[in-house]
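What follows is one structure encoded as structure tokens, with my remarks underneath.
Below, read A as the first sequence line, B as the second, and so on, with proteins coming before strands; counting in each chain starts at 1.
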Amino acid sequence: MRTLRFLYRTSFRFQPPIFNHSFAIRCIPVTNQVQKICIEGRYVRPADSLNEVVDGFGNHVFIGHIQDYHQYFEYEVVGTAQVDGMQVQKEPLQLMYKYPSKYTGYTKEIREFYKAIGRLKGTDLEKAVTIMQYLHEHFTYVSGVTDIYTTAAEALKQREGVCQDYAHIMIALCKYAGIPARYVVGLMIGEGSTHAWVEVYVDGGWYGLDPTNNLHIDDYYVKIAHGRDYDDCIVDKGQFNGITNQQQQVYVRVEDITEKDEK
Amino acid sequence: MQNLVDHTVEINKLLARYGVKFGIYKNQEFHEQLFPFDAIPRVITHEEYSELEKGLIQRVDALNAFLKDIYSEKKIVKDNVVPEDFIFASSGYLPQCEGIIPPKGIYSHISGIDLVQAKDKSWYILEDNLRIPSGASYPLIARELCRRAAPGTFKENNVVDNRNYHKLLKETMDYVNCGGISVIMTPGRYNAAYFEHSYLAERSGCVLAMYNDLFVEKNQLFYRDYKGENKKVGVIYRRISDEFLDPMSFNSESVIGVPNLMDVYRAGNVAIVNAPGNGIADDKGIYYFVPKMIKYYLNEEPILKNAPTYLPFYEEDRKYVLDNLEKLVIKDVAEAGGYGVVFGSDLSKEKLEDMKQLIINESRRFIAQEVIDFLDLDIMENGEPVPRKADLRAFVLSGKETKVWASGLTRFSRNPDSFVVNSSQGGGFKDTWVLSR
């Protein structure tokens, strides 16, 4: 068990200014069996109206609207998370996580790659770990070669990509192997932006696995949102009027502030 | 009736003048075309209609119960009546709608149920349309014009007055209104059914709005009127598909939707007619299970029959389909509007083999049906009556009670060899008379 202090901030600059701006931001970690969250501060500005709602996947979302012209937009969330990576998020399975989604279809590439892994042995969790290890060995972390629209199959074809691609491929492979799996967005110690990983459903609960780093999710991760794939967990979505140049700055800091006797 | 037929040309001219048109996208170009009207009506007797009415109400009630179940408890899946593959692998199931119970628990407020009548006079359900079924405005305005052309005809023949559609619509919308004005939302004049959107708004007294007239604030939906004043919206009859409805929940690329509308809806602050996510119940694969749903939810025997349908997903059915493909009609589950329909009898030997392979490889993607021996309806062509294939879209409105509109859209194929009557495939339409005795 560890106590992490996290700060997550994104700011946008629009030049020239924009108006009639609607947004939906998934940036708020939620307490569950693995992490106990204490939010110390959060804001979205400017905003004429701001509401915190829960989406169909159980994620907390800030929604709002800004009518007037503005050239800055910023949101921030600060808090602490008591994380116990040994715990499992127990809950009934939602059947949608058994079936392919937009980014995680069982294409030829996925089926062939799956075959190449060979016979999977052991429990479902062991099988998922085997898939993760094999993927980690046969896929290279390269940024800039894929984008947010890249599907599991497309990324797999070039054998290169980022955490989003690792997660999508692993989800497709796990589901193809009959293990329900979902996409997770969150923060990780040492990462300068949000990170994506995978949860697999085994024996009534969700286990986190990080295929990018070939790791079991431990006390150094803070989960923000989950869904079938990237599309369900987009951290910020916005729509506005105006032809503009948009600059985005993301700042993430996760520190271990565990007291010595706590460890 | 001769009186009416003699006026066919005038009626069609007036329809053109009122802009009763149907838009078609072909090769990514927008073409507007007239929807040809044939003056010989389809006549449904009083007895026939009573039976149809009961059957349609039963069917739509079961479909509404199914939708409520799927987006909440999923009992029908847990009880193995519908295999889970048919729900969760279907593009019609929208996880974004999980856990939302719409105002008054109604999902399909306006259902368009397509039927055909066989030579033996029995009716068969062809498909259910629970998303945004269009077409009610065509018989509505045609009746208006026919009454002008031959005023006495309707009284003499004891035809039920069908000009109450907008009242039914208003009743249905008022029942689920969450406080505020009623809006019909259109994607605009380049939509296939724009005539209908404007006509229904005019008749029902709803405000006709486009995406840029609507916005979300404080988790409420507002309409900004021409004076710049904001009015809270209590019910929105949206004539835009789920995919484009809210770019924050569905297709991010949509610029014709209302951002964060789904959150307002989830909070119970607005009713959406019809509910998002209904596509799961009018999927061609789910069609097979509707008679089972009627038994499951209502504990009743289905009054109206499905066309005999086979699901290649089940081994027994697959075998039958592969052995009898040349006499069956094959439908792609994901397609609509008459697209993706193939008659086995039209296929060459080679194509037949390809189709069989496709069915084996993607067994969930198709359904196969026996070809129904349609009862043809006469249409006038060059002054002579000639028989043509026709179907009927019945409109069922679910508010406080479920009601059937005593009319419907009868579409016919102008091509004597074609079974496909969809207006997007260039067919025509007729008035539909329901007799009061």
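Most heavy-atom pairs under 4.5 Å with chain B: of the set A/Gly58, A/Ala24, A/Ala47, A/Ser49, this distinction falls to A/Ser49. Options A/Ser22, A/Gly227, A/Ser101 differ in how many heavy-atom pairs under 4.5 Å they form with chain B, and the most are formed by A/Ser22. Most heavy-atom pairs under 4.5 Å with chain B, from the set A/Ile63, A/Leu50, A/Val54: that is A/Ile63. Between chain A and the options B/Pro259, B/Pro95, B/Cys97, heavy-atom pairs under 4.5 Å are most frequent for B/Pro95. Most heavy-atom pairs under 4.5 Å with chain A: of the set B/Asp85, B/Val216, B/Val77, this distinction falls to B/Asp85. Comparing A/Pro100, A/Gly238, A/Gly64 by how many heavy-atom pairs each has under 4.5 Å with chain B, the most go to A/Gly238.
A/Phe23 touches chain B through its backbone: at least one of N, CA, C or O sits under 4.5 Å from a heavy atom, while the side chain does not. When heavy atoms are compared at a cutoff of 4.5 Å, B/Asn212 does not approach chain A at all. Heavy atoms closer than 4.5 Å to chain A are found in the backbone of B/Ser254, but not in its side chain. Of the two parts of B/Val255, the backbone and the side chain both hold a non-hydrogen atom closer than 4.5 Å to a non-hydrogen atom of chain A. A/Asp55 touches chain B through its backbone: at least one of N, CA, C or O sits under 4.5 Å from a heavy atom, while the side chain does not. Using a 4.5 Å cut-off between heavy atoms, B/Ser91 makes no contact with chain A at all. Contact of B/Tyr71 with chain A is not made at all, since no heavy-atom distance falls under 4.5 Å.
A/Phe14 has its ring centre no less than 6.0 Å from the ring centre of A/Tyr72. Ring-centre distance between A/His21 and A/His70: below the 6.0 Å cut-off. Taking the six-membered ring wherever Trp is involved, the centroid distance between the rings of A/His168 and A/Tyr183 falls below 6.0 Å.
When A/Asp231, A/Asp229, A/Asp232 are each tested for a salt bridge (Lys or Arg N to Asp or Glu O under 4.0 Å) with A/Lys102, only one passes: A/Asp231.
A/Asp210 contributes no side-chain N or O that, together with a main-chain N or O of A/Val198, makes up a donor-acceptor pair within less than 3.5 Å.
Closest non-hydrogen pair, B/His109 versus B/Ile272, comes out as CE1-O, 3.3 Å.
Rounded to the nearest 0.5 angstrom, B/Ile367 CD1 and B/Ile330 CD1 are separated by 9.0 Å. If you take CG on A/Asn59 and SG on A/Cys233, they are separated by 6.0 Å, rounding to the nearest 0.5 Å.
In this structure, B/Glu98 does not pair ionically with B/Arg266, as no charged nitrogen and carboxylate oxygen lie closer than 4.0 Å.
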